[in-house]
Amino acid sequence: MSDDFLFINGRKDAPILVITEPPEEDAYERGQALAQNERRFFRTVVESYGMTLDDFAFLPACAAMSENVVTDREQAEHVAADNAEFWRKFRSCTPRMVIPMGKHALRQLSGRSAQIGKARGHLAKIDHINIPVLPMSGIRQCLWFPENIPVFTTDFNLAHILSENDFDPESLGTANLGNTDYFWCDDIQDLLDDRPPYIAVDTETTGLKWTDPNVRVLTVQITPEPGVSY
């Protein structure tokens, strides 16, 4: 296959380079990394943070992937086949941060199998890339399964924090004893009496499989507002 079967949408000097999943075939034929509904969704998210699409460039991880490419091995081979052209296009850009959106995007960038569910939500270390790399779920997963949208927007908030702080990774470590109020609590009656509109809940357990009857809950963390945790 000749060069230039991949493309970049947006300015090559855009501060944030988004690596997208393989485009849908009709979008790929038009030279678009995102389908129209994916682009609309992404624009809505970025504009909610006061950003615009001009802040981003988009590079597909590889060419469109046929529906006949089903197994993980077949998908990995499809991604690997476009590796040289991907890096040629990647090196033509001058971003301050890279966001691989989806497992194929992260696989192409890292050169190995990737589980986006484990990688998302924090910076990844990628050989030979000396700028922040923030893996996120693919946009298609949000359109197919709207329950993924809160996770996507939460992760994008990290990208926004980085962009607002000159892409300094240290800006993500702002929670500390000086600005965070957290404490042990064995009575949440005050929360029940004055219920906040939203809460975030996390647990720590003795195992990763919550269905395992031998797993014990060690702690439950309840956060009713930023910087406060019971």
Side-chain angles (χ1 to χ4, degrees), residues 5-10 14 16-49 51 53 55-83 85-87 89-90 93 95 97-124 126 129 132-160 162-163:
F5 60 88
L6 291 184
F7 41 79
I8 297 166
N9 298 149
I16 303 174
L17 177 61
V18 175
I19 312 301
T20 71
E21 289 288 77
E24 295 181 358
E25 291 190 2
D26 57 343
Y28 179 72
E29 291 174 359
R30 297 193 308 270
Q32 297 295 320
L34 297 174
Q36 291 183 357
N37 58 342
E38 295 172 328
R39 187 177 179 86
R40 283 195 299 269
F41 172 82
F42 188 74
R43 183 174 63 239
T44 299
V45 172
V46 303
E47 289 180 351
S48 71
Y49 284 90
M51 304 174 74
L53 290 181
D55 296 314
F56 302 85
F58 302 87
L59 169 61
C62 58
M65 190 176 290
S66 168
E67 293 181 357
N68 297 326
V69 180
V70 177
T71 68
D72 187 66
R73 179 176 178 177
E74 291 172 337
Q75 293 176 354
E77 290 174 348
H78 179 90
V79 172
D82 294 351
N83 182 263
E85 173 64 359
F86 169 82
W87 282 107
K89 286 293 192 294
F90 182 95
C93 299
M97 177 171 66
V98 181
I99 301 179
M101 286 188 177
K103 68 175 184 178
H104 298 305
L106 184 56
R107 183 197 290 267
Q108 188 68 283
L109 198 65
S110 65
R112 57 181 179 271
S113 178
Q115 296 186 40
I116 199 67
K118 293 183 178 180
R120 55 144 293 274
H122 54 83
L123 296 179
I126 307 293
I129 299 182
V133 176
L134 182 64
M136 294 179 57
S137 300
I139 295 175
R140 219 166 291 158
Q141 291 299 312
C142 295
L143 299 179
W144 290 345
F145 307 104
E147 62 268 24
N148 292 327
I149 293 176
V151 172
F152 185 93
T153 55
T154 297
D155 289 347
F156 189 84
N157 183 57
L158 299 179
H160 180 252
L162 284 164
S163 68

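Predicted model, so just to flag it, every value in this text is computed and none were measured. Numbering starts at 1 and runs along the sequence shown.
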| field | Interatomic distance, Phe152 atom CZ to Arg120 atom CZ [nearest 0.5 angstrom] | value | 11.0 Å
| task | Taking all non-hydrogen atoms of both residues into account, name the closest pair between Gln75 and Val70 and its distance. | result | NE2-O, 3.2 Å
| said: Once you measure the plane-to-plane angle for Phe56 and Phe42, does it fall in the parallel (<30°), tilted (30-60°) or perpendicular (>60°) bin? | reply: perpendicular
| query | For Asp26, which residues count as a side chain to side chain donor-acceptor pair (under 3.5 Å) partner, sequence neighbours excluded? | reply | none
| task | Hey, could you give me the CE/CE distance between Met136 and Met101, rounded to the nearest 0.5 Å? | result | 4.5 Å
| message | Donor-acceptor pair, distance only, cut-off 3.5 Å: does the side chain of His104 make one with the backbone of Pro60? | response | no
| request: Identify the heavy atoms of Gly102 and Glu21 that sit nearest to each other, and give their distance. | output: C-OE1, 3.4 Å
| message | Rounded at 0.5 Å granularity, tell me how far CG in Leu106 sits from CD1 in Ile126. | response | 5.5 Å
| Yes or no on side-chain contact (heavy atoms from CB on, under 4.5 Å) for Phe41 and Leu34, after CA distance, side-chain angles and deciding distance? | CA-CA 10 Å; Phe41 172 82; Leu34 297 174; over 6 Å; no
| query | Can you tell me how far the CG atom of Leu59 sits from the NZ atom of Lys89, to the nearest 0.5 Å? | reply | 8.5 Å
| note | Sorted by chain and number, sequence neighbours left out, side chain to side chain donor-acceptor pair (under 3.5 Å) with Arg39 holds for none
| task | Begin from the C-alpha positions of Glu74 and Met65 and carry the test side-chain contact (heavy atoms from CB on, under 4.5 Å) through to its verdict. | result | CA-CA 10 Å; Glu74 291 172 337; Met65 190 176 290; over 6 Å; no
| query | What is the minimum heavy-atom distance between Pro100 and Val98, and which atoms define it? | reply | CD-O, 3.6 Å
| Take atom CD in Gln115; do more than 12 heavy atoms of anything else shown fall under 6.0 Å from it? | no
| If you draw a 6.0 Å radius around CD in Glu77, do more than 12 non-hydrogen atoms from other residues or ligands fall strictly inside? | yes
| So, do Val46 and Asp55 sit near enough that their side-chain heavy atoms are less than 4.5 Å apart? | no
| request: State whether the side chain of Glu38 and the backbone N or O of Ala35 hold a donor-acceptor pair below 3.5 Å, judged by distance alone. | output: yes
| Which pair of heavy atoms, one from Asp82 and one from Cys62, lies closest together, and at what distance? | OD2-CB, 3.3 Å
| query | What distance do Thr153 atom OG1 and Asn148 atom CG have between them, rounded to the nearest 0.5 Å? | reply | 10.5 Å
| task | List the steps, then state whether side-chain contact (heavy atoms from CB on, under 4.5 Å) holds for Ile16 with Met51. | result | CA-CA 11 Å; Ile16 303 174; Met51 304 174 74; 3.8 Å; yes
| query | Could you go step by step and tell me if Leu109 and Phe86 meet the side-chain contact (heavy atoms from CB on, under 4.5 Å) rule? | reply | CA-CA 9 Å; Leu109 198 65; Phe86 169 82; 4.0 Å; yes
| task | To the nearest 0.5 Å, tell me how far Asn83 CG sits from Phe90 CZ. | result | 11.5 Å
| said: According to side chain to side chain contact (heavy atoms under 4.5 Å, CB included), who are the partners of Ala57, at least two apart in sequence or on a separate chain? | reply: Ile8, Ala14, Leu17
| query | Any idea which heavy atoms bring Asp155 and Gly121 closest together, and the distance? | reply | OD1-CA, 3.5 Å
| query | If you take all heavy atoms of Phe5 and Tyr28, which pair is closest and at what distance? | reply | O-OH, 2.7 Å
| query | Donor-acceptor pair, Gln108 side chain versus Val79 backbone, under 3.5 Å? | reply | yes
| request: Could you pull out all residues at least two apart from Asp72 that satisfy side chain to side chain donor-acceptor pair (under 3.5 Å)? | output: Arg107
| task | Would you please name every residue forming a side chain to side chain contact (heavy atoms under 4.5 Å, CB included) with Glu47, sequence neighbours left out? | result | Arg43
| task | Using the test ring-ring contact (aromatic ring centres under 6.0 Å, His included), find all partners of Tyr49 that sit at least two apart in sequence or belong to another chain. | result | Phe156, His160
